[in-house]
Amino acid sequence: MTLDPILAARLKRDSAGLVAAIIQQYDTREVLMLGWMDDEALHRTLTTGRVTFWSRSRREYWRKGDTSGHAQYVKSVSIDCDGDALLVEVDQVGAACHTGQRTCFLEGGDLGASVSERPER
């Protein structure tokens, strides 16, 4: 089985054939993690109801939760306007991060960006 050719034509992959997949909790909108997908990983995600990634370091497919039990159940998958990123909304069971944290965006810490306000009209 392969990815639908119409969808495949819309994807803008990096030089390794991958597209970024942002994983978000469907009900709270919490951003959980970023993973990478090739056409096969996306096809598996779209057809199985579980998120599959391509591991750039191990060079193999992996499915969140197969060893940890912290599974991601697909609620929706969207492609951005440029075709170079996916938004995968999931129902996350347990931690999304390999460190054991709920999200991968806790341990890195705030980078101290200047905060601004939108000007009033």
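What's counted below: heavy atoms across the whole structure, side chains too, no hydrogens, waters or symmetry copies. Numbers for residues simply follow the sequence, beginning at 1.
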Looking only at heavy atoms, the pair that brings G83 and V19 closest together is O-CG2, 4.2 Å

In terms of heavy-atom contacts, A96 and Q72 come closest through CB-NE2, 4.3 Å

Smallest heavy-atom separation, R13 atom then A8 atom, equals NH2-O, 2.7 Å

Residues at least two apart in sequence or cross-chain that pass side chain to side chain contact (heavy atoms under 4.5 Å, CB included) with A85, listed by chain then number, are D80

Those residues at least two apart in sequence (or on a different chain) that pass salt bridge (charged side-chain N to carboxylate O under 4.0 Å, His left out) with R10 are none

For Y73, the hydrophobic cluster (side chain heavy atoms closer than 4.5 Å, chained through members) also holds V93

The side-chain hydrogen bond (donor to acceptor under 3.5 Å, both in side chains) partners of R118 (sequence neighbours excluded) come to none

Joining Ile, Leu, Val, Met, Phe, Trp and Tyr whenever any side-chain heavy atoms lie under 4.5 Å apart, the cluster holding V115 also takes in none

| Side-chain donor/acceptor of T45 to backbone N/O of T52, under 3.5 Å | yes

When rounded to the nearest 0.5 Å, the distance separating NE2 of H70 from SG of C97 is 11.5 Å

Salt bridge (charged side-chain N to carboxylate O under 4.0 Å, His left out) filter on R58, not counting sequence neighbours, yields E60

Taken in chain and number order and not counting sequence neighbours, the residues that satisfy side chain to side chain contact (heavy atoms under 4.5 Å, CB included) with T67 are none

Transitive ILVMFWY side-chain link L86 to L34, under 4.5 Å: no

message = Tell me if a side-chain donor or acceptor on Q24 pairs with a main-chain N or O of R29 at a distance below 3.5 Å.
response = yes

*asked:* Taking F105 as the starting point, is it possible to reach Y26 by hopping between hydrophobic residues whose side chains are less than 4.5 Å apart?
replied: no

Those residues at least two apart in sequence (or on a different chain) that pass side chain to side chain contact (heavy atoms under 4.5 Å, CB included) with L46 are L3, L7, L42, V77

Rounded to the nearest 0.5 Å, the CD atom of E40 sits from the CG atom of D38 at a distance of 7.0 Å

Review point. Are K64 and W62 close enough that some pair of their side-chain heavy atoms sits under 4.5 Å apart?
Key: yes

The salt bridge (charged side-chain N to carboxylate O under 4.0 Å, His left out) partners of D91 (sequence neighbours excluded) come to none

Please determine whether a side-chain nitrogen of the Lys or Arg among D66 and R50 lies less than 4.0 Å from a carboxylate oxygen of the Asp or Glu. yes

Residues passing the salt bridge (charged side-chain N to carboxylate O under 4.0 Å, His left out) test with E117, sequence neighbours excluded, are none

Practice prompt. State, yes or no, whether a side-chain contact exists between I79 and L11 at a heavy-atom distance under 4.5 Å.
Written response: yes

The side chain to side chain contact (heavy atoms under 4.5 Å, CB included) partners of R102 (sequence neighbours excluded) come to Q25, E30, L32, Q92

Shortest non-hydrogen pair, A21 vs M37, comes out as CB-CE, 3.9 Å

Single-linkage hydrophobic cluster L18~V88, side-chain heavy atoms < 4.5 angstrom:
no

With sequence neighbours left out, the residues meeting ring-ring contact (aromatic ring centres under 6.0 Å, His included) with Y61 are W54

Value for CD1 (I22) from OG (S78), rounded to nearest 0.5 Å, stands at 10.5 Å

